[in-house]
Amino acid sequence: MELIDGKKIAALVKQELAAQVSLLRDADKKIPHLAAVLVGSDPASETYVASKVKACQEVGFKSTELRYAADMSEQQLLEVVERLNNDPDIDGYIVQLPLPAHISENKILMAIDPEKDVDGFHPCNIGKMVLGLPTYVPATPAGIVELLKRYKIETKGKHCVVIGRSNIVGTPMSILMSRKSEQADCTVTLCHSRTKNMQELTRQADILIVAIGQPHFVTADMVKEGAVVVDVGIHRLPSDKTKSGFRLTGDVDFEKVAPKCSYITPVPGGVGPMTIVSLLQNTLVATLNNNTA
Ligand code: GUN
């Protein structure tokens, strides 16, 4: 069993991005500028946005964090989006999800200029991804593809089973893995909460990608010997063994599943760090497009 070290690969990608920033600076070109909009104070969202801003600083990108109270109106948020769309210094931006219940996520995502939609959530960008056209691919699936590539994991003709059908991870992941491309070309099965006999399907997986959002959902009996397992989940569980009083764990029962795998991503340190660098990679592309506009 080999661990897929997302932290190490993310550090490498950050070095590559920092080198690109240096080239832009030397050529007197625009430095990438990412903005992140945070509405309310959901602790997980606060952590994610802080990590994204920190990663920008590490590679030399400019970043702007825009924070608003949870009771801001949908109209006010639409106005923020409009301002960001029209701000020539902002190359790309994200609106951190989830949004408070009184704001329609769809309405907000549809209002984002697709050229600045570095999350890749706008229907135009999802449509381009489905057709295999150049676009911003959602960060978590893009990060997973990058990990498979850097570890030279064979995907062509393999059976990839994705668990979870969220718009952010499961659905785009299933589409990417089914496409005829270098790091895909799989036969894909998408499992979700209504799937019957899930174990029968997951046991056929050469590559099992888990994004169901339930701690330790995947147990050893669900995994084929020699499978590649990618765990997207991240949960805080109480623990009396750590100083902080909690430990992070994924959607996979790592201790029991890992010995059966050829490769597996740990939590933390697997997919998470790659999500952030993929967002930075999308932002660099947005800047290069902006430079030539
Ligand atoms: N919430 C959880 N993941 C993400 C993400 O990748 N982008 C945004 N905008 N919100 C999220």
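Model, not experiment: these values are computed from the prediction. Start at 1 and go down the list; that is how both ligands and their atoms are numbered.
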**Request:** Select one of side chain, backbone, both or neither to describe which atoms of Tyr48 lie under 4.0 Å from any atom of ligand 1, heavy atoms only.
**Result:** neither

**Message:** Using a 4.0 Å heavy-atom cut-off, which part of Leu279 comes near ligand 1: side chain, backbone, both, or neither?
**Reply:** neither

**Prompt:** Should Val229 and Leu190 be regarded as members of a common hydrophobic cluster, given that ILVMFWY residues are connected when their side-chain heavy atoms come within less than 4.5 Å of each other, either directly or indirectly?
**Reply:** no

Can you confirm, on distance only, whether ligand 1 has an N/O atom lying under 3.5 Å from any N/O atom belonging to [X]?
| X | result |
| --- | --- |
| Asp119 | yes |
| Gln96 | yes |
| Ile168 | no |

Does any donor atom in the side chain of [X] or [Y] lie under 3.5 Å from an acceptor atom in the other side chain?
| X | Y | result |
| --- | --- | --- |
| Tyr93 | Asn85 | yes |
| Asn106 | Ser104 | no |
| Glu79 | Gln75 | yes |

**Prompt:** Which atoms of ligand 1 are found less than 4.0 Å from any heavy atom of Val95?
**Reply:** 8 (C), 9 (N)

**Asked** Tell me, which protein residue and heavy-atom name are nearest atom 1 (N) of ligand 1, and how many Å apart are they?
**Response**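 Answer, as residue, atom name and distance: Leu97 O, 2.9 Å.
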
**Request:** Drop me the distance from Glu105's CD to Phe121's CZ, to the nearest 0.5 angstrom.
**Result:** 9.5 Å

**Item:** side chain to side chain donor-acceptor pair (under 3.5 Å) involving Ser178 - partner list, sequence neighbours excluded
**Value:** none

